[in-house]
Amino acid sequence: MKNSVAKAVAAALAASAAIFAPSPAEGCSRVLYKGLDSLFVVGRSLDWKTPIPTNLYVYPRGIAKKGSDAPGAIEWTSKYGSVYAVGYDGGITEGMNETGLVINGLFCKGTVYVNEQTANRPPMSMAMFVGWLLDMNSTTQEVVDVLKQQNFTIGGATFDGGTVSALHWGITDATGASAILEFDNGTVKVYDMGDYRAMTNDPQWPAMTAIIDYWEGIGGKNMLPGTVTSPSRCVRANYFAHHVEAVADPEVAVGITRSIVEYVSVPYTYMIEGEPNLSSTQWRSYSDIKNRRYWFDVVTNPGAYYIDLTKLDLYPGAPVLKLDTAKSTDLVGCVNSHLKVSKGFTPMY
């Protein structure tokens, strides 16, 4: 009994310490909204210390691609069309394909991609990893099956003056089935999210669920952590995702999701003395899975806009389309007509 009590006290202290610890440089939040009639919306914020220019690309089916320019790289021909959010016009941050599969990459500084056993497997660049999974899979389970084979090794270019893209990923499909992918010292770890509805950054998922459970016991009606730390944001997002109204109206559902993501965002230009690398939110996205609408919301723009995949030609041979977000600051609503034919982005392998 004494050992059990001691362990419970230690877990509570660890959870409290994680909540109130100084915020790291990395940031991002992801939330899953569950509405009525199979309506699911995935919302996320992209937080970083310096600007990450992000453009939107729509790729059709039937395009031959490769995961890296290194010898022996994985190659494939896309089965599904997708919309990608591409950072620096060189790497896919997240996206949604025409089946409703959504994958979002968030920073997680504890990530280690490679070990001795995986180092010589076929190379896959971070720039193309999300695209590969979206191009070739339609469900969360299909993605999980591919990942558990781990017949690849992850690598890629640094950015922002040498920063390594240490990420973990949230995965959700049209049924709402969700999983989290993490690399633990080179080993793929995939976790079924169950009824958890939010993820942020560090700590890795097993420790984060312990923190969420701790605060669940306190009860959100009484108190929620209010800092900008990763655990604090995750606890708040998870609580509100469970306690907002479930609706069938897709625009209301996106609005509810947007309000949650904004609530856990870090205000633009916010800084803490002594924490010069604190990240603030640059943009947010909302993937309406049922209606195949990918919303994009730059925090300095007056409104949000969306790409409707159901109204685009995604057949083999159709052109790649691009929306230059820097030139689209005043757009609101559906922006399909503003997409321009493009040669596609150049991966930063």
Side-chain angles (χ1 to χ4, degrees), residues 30-46 54-63 78-86 92-104 130-131 133-135 137-140 170-176 247-259 261 283-299 301-342 344-345:
R30 183 185 193 266
V31 63
L32 172 62
Y33 171 79
K34 297 187 177 184
L36 302 175
D37 300 332
S38 300
L39 177 60
F40 302 100
V41 180
V42 174
R44 72 82 54 88
S45 68
L46 186 285
T54 303
N55 291 318
L56 306 183
Y57 286 83
V58 176
Y59 274 71
R61 309 173 211 118
I63 296 183
S78 56
K79 292 170 59 177
Y80 306 107
S82 301
V83 54
Y84 306 140
V86 180
I92 303 170
T93 302
E94 65 170 34
M96 176 173 65
N97 73 18
E98 61 182 302
T99 74
L101 180 67
V102 175
I103 302 178
N104 313 84
V130 170
L133 297 176
L134 290 173
D135 287 354
N137 300 282
S138 63
T139 68
T140 297
I171 306 161
T172 301
D173 65 20
T175 70
V247 301
D249 185 318
E251 293 194 1
V252 175
V254 169
I256 293 171
T257 309
R258 186 178 184 184
S259 68
V261 176
W283 54 259
R284 309 176 186 96
S285 69
Y286 312 99
S287 298
D288 175 355
I289 294 176
K290 181 177 182 179
N291 297 287
R292 310 299 194 261
R293 291 179 175 180
Y294 178 82
W295 291 77
F296 203 68
D297 180 11
V298 179
V299 297
N301 287 0
Y305 47 78
Y306 66 87
I307 292 172
D308 189 338
L309 287 179
T310 68
K311 296 180 179 178
L312 292 173
D313 292 326
L314 300 176
Y315 55 84
V320 174
L321 302 173
K322 176 182 179 180
L323 183 73
D324 187 331
T325 63
K327 298 178 180 178
S328 310
T329 58
D330 60 349
L331 298 180
V332 177
C334 183
V335 295
N336 285 23
S337 63
H338 294 272
L339 296 168
K340 306 297 182 183
V341 174
S342 169
F345 71 94

Among residues at least two apart in sequence or on other chains, which ones pass side-chain contact (heavy atoms from CB on, under 4.5 Å) with [X]?
X    : answer
P316 : R61
V332 : none
D37  : A248, K290

Under the side chain to side chain donor-acceptor pair (under 3.5 Å) test, which residues partner [X], sequence neighbours left out?
X    : answer
R293 : none
T325 : N55
N97  : T99
T139 : none

Problem set entry | Among I289, D249, N291, side-chain contact (heavy atoms from CB on, under 4.5 Å) partner for L39 |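 Exactly one pass, corresponding to N291.
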
For this session: Quick one: list whatever passes salt bridge (charged side-chain N to carboxylate O under 4.0 Å, His left out) with D135, sequence neighbours left out.
Result: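 Scan of D135 (salt bridge (charged side-chain N to carboxylate O under 4.0 Å, His left out), adjacent residues dropped) gives K65.
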
Problem set entry | Contacts of type salt bridge (charged side-chain N to carboxylate O under 4.0 Å, His left out), residue R258, not counting sequence neighbours |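 Listed in chain order: E262, D297.
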
For this session: Scan for side chain to side chain donor-acceptor pair (under 3.5 Å) pairs involving residues 310-323, sequence neighbours excluded, and state none if there are none.
Result: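 Every pair satisfying side chain to side chain donor-acceptor pair (under 3.5 Å) with a residue in residues 310-323: Y57-K322, D89-K322, D308-T310.
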
Taking all atoms of both residues into account, what is the closest heavy-atom pair of [X] and [Y], and its distance?
X    : Y    : value
P60  : S78  : O-OG, 3.3 Å
G344 : V320 : CA-CG1, 4.0 Å
T329 : A326 : CG2-O, 3.6 Å
N301 : S328 : ND2-O, 3.9 Å

Exercise. Who pairs with F296 by ring-ring contact (aromatic ring centres under 6.0 Å, His included), at least two apart in sequence or on another chain?
Worked result: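 F296 satisfies ring-ring contact (aromatic ring centres under 6.0 Å, His included) with W283 only.
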
For this session: Go through the structure and list residues passing ring-ring contact (aromatic ring centres under 6.0 Å, His included) with F40, not counting sequence neighbours.
Result: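 Counting only residues at least two positions away or on another chain, F40 forms no ring-ring contact (aromatic ring centres under 6.0 Å, His included).
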
Student check: side-chain heavy atoms of [X] and [Y] closer than 4.5 Å:
X    : Y    : answer
S285 : E94  : yes
L323 : V58  : no
V247 : Y33  : yes
Y294 : L56  : yes
T54  : L46  : no
Y59  : L134 : no

Between [atom1] of [X] and [atom2] of [Y], what distance do you get to the nearest 0.5 Å?
X    : Y    : atom1 : atom2 : result
L321 : I307 : CG    : CD1   : 8.5 Å
L309 : L314 : CG    : CG    : 6.0 Å
S82  : L133 : OG    : CG    : 10.5 Å
E98  : R292 : CD    : CZ    : 8.5 Å
D330 : Y305 : CG    : OH    : 10.0 Å
I171 : L101 : CD1   : CG    : 7.5 Å

Exercise. Under 3.5 Å, side chain of T140 to main-chain N/O of D173, donor-acceptor pair present?
Worked result: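 Present.
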
Exercise. Can you check whether V102's main-chain N or O pairs, donor with acceptor, with T172's side chain at less than 3.5 Å?
Worked result: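 Not confirmed, T172 side chain does not pair with V102 backbone.
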
Exercise. Distance only, no hydrogens: is a donor on one side chain within 3.5 Å (strictly under) of an acceptor on the other, for Y306 and E251?
Worked result: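 No.
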
Exercise. Would you say the side-chain atoms of T93 and R44 include a donor-acceptor pair closer than 3.5 Å?
Worked result: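 Short answer, no.
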
